[in-house]
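Notes follow once the structure below has been shown.
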There are 2 protein chains.
Amino acid sequence: METQKGLETFRAALCRRHLAVTSQRMKIARAVLEAQDHFTADALLARLKADGARVGRVTVYRTLKVLLEAGLVEERAFDKGRVAYERALGRSHHDHMICVTCRRVIEFESARIEREQRRQAQACGFEVLTHQHTLFGHCRGCRAKRGNGSKA
Amino acid sequence: METQKGLETFRAALCRRHLAVTSQRMKIARAVLEAQDHFTADALLARLKADGARVGRVTVYRTLKVLLEAGLVEERAFDKGRVAYERALGRSHHDHMICVTCRRVIEFESARIEREQRRQAQACGFEVLTHQHTLFGHCRGCRAKRGNGSKA
DNA sequence: CTAACTGCAAATAGTTTGCAGGACA
DNA sequence: TGTCCTGCAAACTATTTGCAGTTAG
């Protein structure tokens, strides 16, 4: 399981920042590392509460910040006004297609795009730290459902 | 000036939606169509007020929605928690590099990326309506300022 | 002249901060 | 045992909605 490795990384990150290893922080980190999909801070809180964990919304936000700086999660801007998180450990980099109808998230990966993107950045003297590439549209399923009609 | 063409398109959009042509709506549309850069709803309001226009924040939001649906502006998610707008008329599609230090926005355009992106979508049966491709990192200027040191 | 538009104020949603009690080292 | 941590409540930011006066058509 990669979760163990992630928890070690998290412990190290806490140590480096002179933060204590608390049961809440570990529970949140574990939940994040075990997440298979994209989630919001609130959804994460709900999942933790459902599992009987005694954690508050505030601690979730604060811990996500640590996880973010430790590189264990990434932030995504799928919906405006809310941030989605995604576990980063043990996953190769990928980008997303969002179905505007059913909100389904499809992941994709393209070495060709990454390469060209790097080239564009270099041409501007720009050093890329992170990037986000998101396509919004209709997924196969929703296209089928609404038929191949020409009208919206 | 492309502004005139944009205003015509806007009038048509209002008409199609059975909305009245009011002085506020026209002022907002004009300001948006003349904007050269990216702006937030609040910045737009400030600019309008500075120009002596009597418009309220609410009307700005409502009008931006119409402009958005008419395809005259596009939304961007550069910062979390706030939406940036950008005039769409008379500009070829482009994407962005954001300097995390000075917040500068650099635009880039790559037919190669667009093509590969289309190919990826097709492979998934996904129909792309819009997309957003944003690189976060350090711009040339900020890299120079902090030297090419290895430490943050 | 009437129905739609405007804009204030209040509500809402997501996230952050101040403070009093509680837990790690 | 002391200090950092937690979590409630309150603050805050961006945005949306209800309502009474105003204006386009």
Side-chain angles (χ1 to χ4, degrees), chain A residues 7 10-32 38-49 51-69 73-86 103, chain B residues 7 10-32 38-49 51-69 73-86 103:
Chain A
L7 289 176
F10 182 56
R11 274 176 197 276
L14 289 177
C15 187
R16 205 177 318 119
R17 303 184 91 211
H18 305 292
L19 297 172
V21 175
T22 66
S23 77
Q24 285 91 335
R25 283 175 179 159
M26 293 315 282
K27 276 176 194 155
I28 293 168
R30 180 179 297 276
V32 166
H38 310 85
F39 55 89
T40 62
D42 237 49
L44 177 61
L45 177 67
R47 198 176 306 176
L48 283 160
K49 293 238 184 192
D51 290 354
R54 296 240 314 82
V55 292
R57 175 180 281 99
V58 181
T59 304
V60 167
Y61 277 108
R62 286 194 276 232
T63 305
L64 277 171
K65 200 167 288 181
V66 178
L67 286 159
L68 189 69
E69 289 170 17
V73 282
E74 286 181 5
E75 288 183 342
R76 306 287 180 189
F78 292 157
D79 293 292
K80 62 177 174 180
R82 80 170 55 193
V83 176
Y85 295 88
E86 175 174 17
R103 285 279 126 196
Chain B
L7 288 176
F10 181 57
R11 274 176 196 278
L14 289 177
C15 186
R16 204 177 318 118
R17 305 185 89 212
H18 306 292
L19 297 172
V21 175
T22 64
S23 77
Q24 286 91 334
R25 282 175 178 158
M26 293 315 280
K27 277 177 195 155
I28 294 168
R30 180 179 296 277
V32 165
H38 312 83
F39 54 90
T40 61
D42 236 50
L44 177 60
L45 176 67
R47 198 176 307 176
L48 283 159
K49 294 237 183 192
D51 289 353
R54 295 239 319 81
V55 293
R57 175 180 281 97
V58 181
T59 304
V60 167
Y61 278 108
R62 286 193 276 232
T63 306
L64 278 170
K65 201 166 288 179
V66 179
L67 287 160
L68 189 68
E69 288 168 18
V73 282
E74 287 182 4
E75 288 182 341
R76 305 288 180 188
F78 292 157
D79 293 292
K80 62 177 174 181
R82 79 171 55 194
V83 176
Y85 295 88
E86 175 174 13
R103 286 278 125 194

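Each chain gets a letter, A, B and so on, in the order the sequences are listed, and its residues count up from 1. These numbers come from the heavy atoms of this one structure, side chains and all, not from hydrogens, waters or symmetry mates.
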Ignoring backbone atoms, test whether B:T22 places a side-chain nitrogen or oxygen under 4.0 Å from the OP1 or OP2 oxygen of D:dA24. no
Residue list, salt bridge (Lys or Arg N to Asp or Glu O under 4.0 Å) with A:R11, at least two apart or on another chain: A:E8
The criterion is side chain to side chain contact (heavy atoms under 4.5 Å, CB included); which residues satisfy it with B:L19, sequence neighbours excluded? B:L14, B:R17, B:R25, B:V66
From CZ of B:R54 over to P of D:dA24, roughly how many Å is that when rounded to an integer? 12 Å
Let me have a per-nucleotide readout for nucleotides 11-17 of chain D, 5' to 3', with B, S or -, counting only protein heavy atoms under 4.0 Å. ---SBBB
Nearest whole angstrom, please: distance from the P of D:dT6 to the CG of A:L45. 14 Å
Just how large is the angle between the end axes of the helix from C:dC1-D:dG25 to C:dA25-D:dT1, five pairs per end, to 10 degrees? 30°
Ranking A:K49 and A:A20 by the position along DNA chain D of their nearest nucleotide, the one closer to 5' is A:A20
Taking the side chain as every heavy atom from C-beta outward, state whether B:V83 and B:T40 have any atom pair closer than 4.5 Å. no
Short side-chain N/O contact from A:R25 to OP1 or OP2 of D:dT6, under 4.0 Å: yes
Please confirm whether the backbone N or O of B:V55 pairs with a side-chain atom of B:T59, one donor and one acceptor, at under 3.5 Å? no
Run the side chain to side chain contact (heavy atoms under 4.5 Å, CB included) test against B:E86 and tell me which residues pass, sequence neighbours left out. B:H38, B:R76, B:R91, B:H94, B:H96, B:E107
Partner residues of B:S23 under the side chain to side chain contact (heavy atoms under 4.5 Å, CB included) criterion, sequence neighbours left out: B:K27
Suppose we screen for salt bridge (Lys or Arg N to Asp or Glu O under 4.0 Å). Which residues come up paired with B:R47, at least two apart in sequence or across chains? B:D37
B:R30 meets the side chain to side chain contact (heavy atoms under 4.5 Å, CB included) criterion, sequence neighbours left out, with B:T3, B:Q4, B:L7, B:E34
Need two values: the first and the last nucleotide of DNA chain C, 5' to 3', having an atom under 4.0 Å from any heavy-atom of chain A. C:dG14 to C:dA25
Holding to side chain to side chain donor-acceptor pair (under 3.5 Å), I want the full list of residues that pass it with A:K80, two or more places apart in sequence or in another chain. B:E75
B:H18 NE2 - D:dA24 C1' separation (whole Å): 16 Å
Who are the side chain to side chain donor-acceptor pair (under 3.5 Å) partners of A:D51, not counting sequence neighbours? none
Using salt bridge (Lys or Arg N to Asp or Glu O under 4.0 Å) as the criterion, list what pairs up with B:D79, not counting sequence neighbours. B:R103
